Amino acid sequence: MCGIVGYVGTKDCCDVLVNALSKLEYRGYDSAGIAVFENGEIETVKTQGKLDDLRNKLDTVGKPQGHIGIGHTRWATHGEPSDVNSHPHSGARVTIVHNGIIENYIELKEYLTNKGRTFISETDTEVVAQLLDYKYNGDPIKTIDDCMADLKGSFALGIMFKDFPDRIFAVRRESPLIVGVAEGECFIASDVPAILKYTRDYYLLEHNEIATLTADGTSFVNEYLEPITKELKTADWDMEAAEKGGYPHFMIKEINEQPTAIKTTITPRIKNGLPCLEECGITTEKLKKFKSVTIVACGTAMHAGMVGKYVIEDLARIPVNVDIASEFRYRNPIVSEGDLVIIISQSGETADSLAALRLAKQKGATTLAIVNAKGSSIAREADMLIYTLAGPEIAVASTKAYITQLSVMYLFAFELALAKETVSSAECKRLVSALLKIPDAVQYVIDNCEEKCKFIATKLINADSLLYIGRGLDYALSMEGSLKLKEVSYIHSESYAAGELKHGTISLIDDGMPVIAVATQTDIIPKTISNIVEVKSRGAKVILVCTDACARELKEGIADYVVEIPHSDELLMPITAVVPLQILAYYTAVDRGNNPDMPKNLAKSVTVE
Ligand code: AGP
């Protein structure tokens, strides 16, 4: 969703805001703007388009000169991307930036209109600016508090009051916000990478807390307006982790970071050759009691859950449901005490996943979060927590977060199976040892398959539509391959269980239609091959991702292109097999002239429903 930033200090505020926004552009990139105190007045510059368009506008109209201000990069929710709908938004004495959604903005707009207020944009944010201005009583904190009582929905706000040119204010409910601090300066930001150039020290603003930022420091009050002291946190990411580091895009950089990300995620969770998740609050006693598992997530994270279902059911022999969070939360799902609900999320702030977590808790289930972003809402609210240690993932298309989510799903499945006594300790050790070899296999695929995938991508760029097919774990994986391709290349694609094609979808196949088949599971490879033959004989161009062992057995002409990946334990194959699918999606997007880091209509962190 949107990214918000704010600065109070001695530096050129405009430069700091634009730099900070450049680290948040992944959250939204259809318009951008800043507001800076210049000689006691609030000067606002904003525009439709990317941050570069804002830079150009600032060069043309002149940068506001000052040391205190707020900034915004937008992912439109209310009103099309346009100059007038861009943030910041203002009332006469108040200027704000906002991330989130005000659910009752229509009622509030009507109320304010009846009080004689007029509006120039279609946004819910302008309603908040006008409400603050309408309620302003000379005391910013009391005014903010008063307004919050009227607001329904989610918000993180950066606020400037014209009467207080030495400070900015920040408040949040649901939408994330941090307050960074350094010597003589402080910051607000939607996410840590925005401030890493200036400081690694920050406070996490909690729901309904209000922060005041001045050059002398920050102060906080809780929802009862009582002053509070907060725990200072230090980011363990450095600047380099949030930069492209010589790669043309974050997506390909993050694909290349996957071997390290897996190693970092699994190594500390293995003791004496066995999985050990005790420090995440997961014990054998707890695991023994669960009678079912439900995995709830969105998008790529949900696909990691699909792989998890196959693996947990296979090893631990307990039923696993996988649900899309936006469905789960409105479906009166059957979970209760004794059930485990796993929420998977890179950002830890996805609105639907967070709501699903709260619903599961309300129904008495035990919850486990698998999250990448430290200190995020889902991480804090779940009963048990396993962090994926992927580091900051900036590209909108998730790659290294997915692969670490898979790695955690495996460790969890091993541990659960041990607790349920469905695998022996010796078998578990064998699986763990195979998992420890996976980072090398992933590195091998990156080193040896990139050129081939790059070449195959040139054959996909003119396709109107593609199919991904596979069986079992390969089907679960092909869902992710298909999503990756469509989100960055804008080519329509679907994933299908290979055996299901003949029940309808095969009628789509015609001359030259690309079909990407994944075949890594020895016992079902012959079945998948039959399905490949079926589509090939109807004109499909087949790209087959399979193990080297499978490739050796292939008859001439079955596939048009074959991407061979090294064979590992079959259960673990999805971790290796996803890599060529990611690379294929990346190069298809690049060849079509798309920026894979900022796909149209998408944002990294979906904090609205
Ligand atoms: C992945 O490439 C997508 N950007 C998207 O599907 C994402 O996985 C989904 O929105 C869930 O996000 P989360 O992991 O932060 O909850």
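Residue numbers start at 1 and run along the sequence shown. Quantities reported herein were computed from a predicted structural model and do not represent experimental measurements. Order of listing sets the numbers, starting from 1, for every ligand and every atom in it.
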Trainee: Classify the ring geometry of Phe155 against His98: parallel below 30°, tilted from 30° to 60°, perpendicular beyond 60°.
Mentor: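 Ring orientation of Phe155 relative to His98: tilted.
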Trainee: Among all protein heavy atoms, pick the one closest to atom 11 (C) of ligand 1 and tell me residue, atom and distance.
Mentor: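 Nearest protein contact, heavy atoms only, for atom 11 (C) of ligand 1 is Cys298 O, 3.3 Å.
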Trainee: With sequence neighbours left out, write down each residue that passes side-chain hydrogen bond (donor to acceptor under 3.5 Å, both in side chains) with Glu80, or none if nothing qualifies.
Mentor: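 Per chain and number, Glu80 pairs via side-chain hydrogen bond (donor to acceptor under 3.5 Å, both in side chains) with no residue.
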Trainee: Please determine which of Gln405, Gln346, Glu487, Glu480 meets the side chain to side chain donor-acceptor pair (under 3.5 Å) test together with Thr300.
Mentor: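 Testing Thr300 for a side chain to side chain donor-acceptor pair (under 3.5 Å) against Gln405, Gln346, Glu487, Glu480 leaves exactly one candidate, Glu480.
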Trainee: Which protein non-hydrogen atom lies closest to atom 15 (O) of ligand 1, naming both residue and atom, and how far is it?
Mentor: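 Nearest protein contact, heavy atoms only, for atom 15 (O) of ligand 1 is Ser347 OG, 2.7 Å.
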Trainee: With heavy-atom distances below 4.0 Å as the criterion, list the atoms of ligand 1 near Ser398.
Mentor: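 Counting atoms of ligand 1 from 1, those under 4.0 Å from Ser398 are 1 (C), 2 (O).
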Trainee: Can you report which non-hydrogen protein atom sits closest to atom 4 (N) of ligand 1, along with the distance?
Mentor: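 Its nearest protein heavy-atom neighbour is Val396 O, 2.8 Å.
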Trainee: For atom 10 (O) of ligand 1, what is the closest protein heavy atom, and at what distance to 0.1 Å?
Mentor: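 Heavy-atom neighbour on the protein nearest atom 10 (O) of ligand 1: Val606 CG2, 4.0 Å.
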Trainee: Does the pair Glu209 and Lys230 meet the rule for a salt bridge (Lys or Arg N to Asp or Glu O under 4.0 Å), with working shown?
Mentor: CA-CA 11 Å; Glu209 289 176 353; Lys230 294 181 65 70; 2.6 Å; yes
Trainee: List every atom of ligand 1 that sits less than 4.0 Å from any heavy atom of Lys484, numbering the atoms from 1 in the order shown and giving each element.
Mentor: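 Under 4.0 Å from Lys484, ligand 1 has these atoms: 1 (C), 2 (O).
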Trainee: Answer yes if the side chains of Ser398 and Glu393 hold a donor-acceptor pair under 3.5 Å, and no otherwise.
Mentor: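 There is such a pair between these side chains.
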Trainee: If we only count heavy atoms from C-beta on, is the Thr520 to Val518 side-chain gap below 4.5 Å?
Mentor: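 Result yes, sub-4.5 Å side-chain heavy-atom pair found.
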Trainee: If you have a sec, work out which protein heavy atom is nearest atom 5 (C) of ligand 1 and how many Å separate them, to one decimal?
Mentor: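 Of the protein heavy atoms, Thr300 N, 4.1 Å lies nearest.
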Trainee: Just to confirm my output: which protein heavy-atom neighbour is closest to atom 16 (O) of ligand 1, and how far is it?
Mentor: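 Residue, atom and distance for the closest contact: Thr350 OG1, 2.4 Å.
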Trainee: Of all the atoms in ligand 1, which lie at a distance below 4.0 Å from a heavy atom belonging to Ala397?
Mentor: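 Close to Ala397: 2 (O).
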Trainee: If you count the atoms of ligand 1 from 1 in the order shown, which ones are under 4.0 Å from a heavy atom of Gln346?
Mentor: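 That gives atoms 13 (P), 14 (O), 15 (O), 16 (O) of ligand 1.
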Trainee: Determine, for Tyr387 and Lys374, whether the Lys NZ or Arg CZ falls below 6.0 Å from the six-membered ring centre while staying within 45 degrees of the axis.
Mentor: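 The answer is yes, since Lys374 meets both limits relative to Tyr387.
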Trainee: Is the ring pair Tyr586/His249 parallel, tilted or perpendicular, if the boundaries are 30 and 60 degrees?
Mentor: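 Rings of Tyr586 and His249: perpendicular, as their planes differ by over 60°.
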Trainee: Can you tell me if Lys484 and Thr399 form a side-chain donor-acceptor pair at under 3.5 Å?
Mentor: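 There is no such pair (donor and acceptor under 3.5 Å, judged by atom type) between the side chains of Lys484 and Thr399.
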Trainee: Quick one: which ligand 1 atoms are inside 4.0 Å of a heavy atom on Ala301?
Mentor: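 Answer, ordered by atom number: 8 (O), 14 (O).
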Trainee: Counting from 1, what ligand 1 atoms have a heavy atom of Gly299 closer than 4.0 Å?
Mentor: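 Heavy-atom distances to Gly299 below 4.0 Å select 6 (O).
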Trainee: Heavy atom under 4.0 Å from ligand 1: found in Glu487's side chain, backbone, both, or neither?
Mentor: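 For Glu487, only side-chain atoms sit under 4.0 Å from ligand 1.
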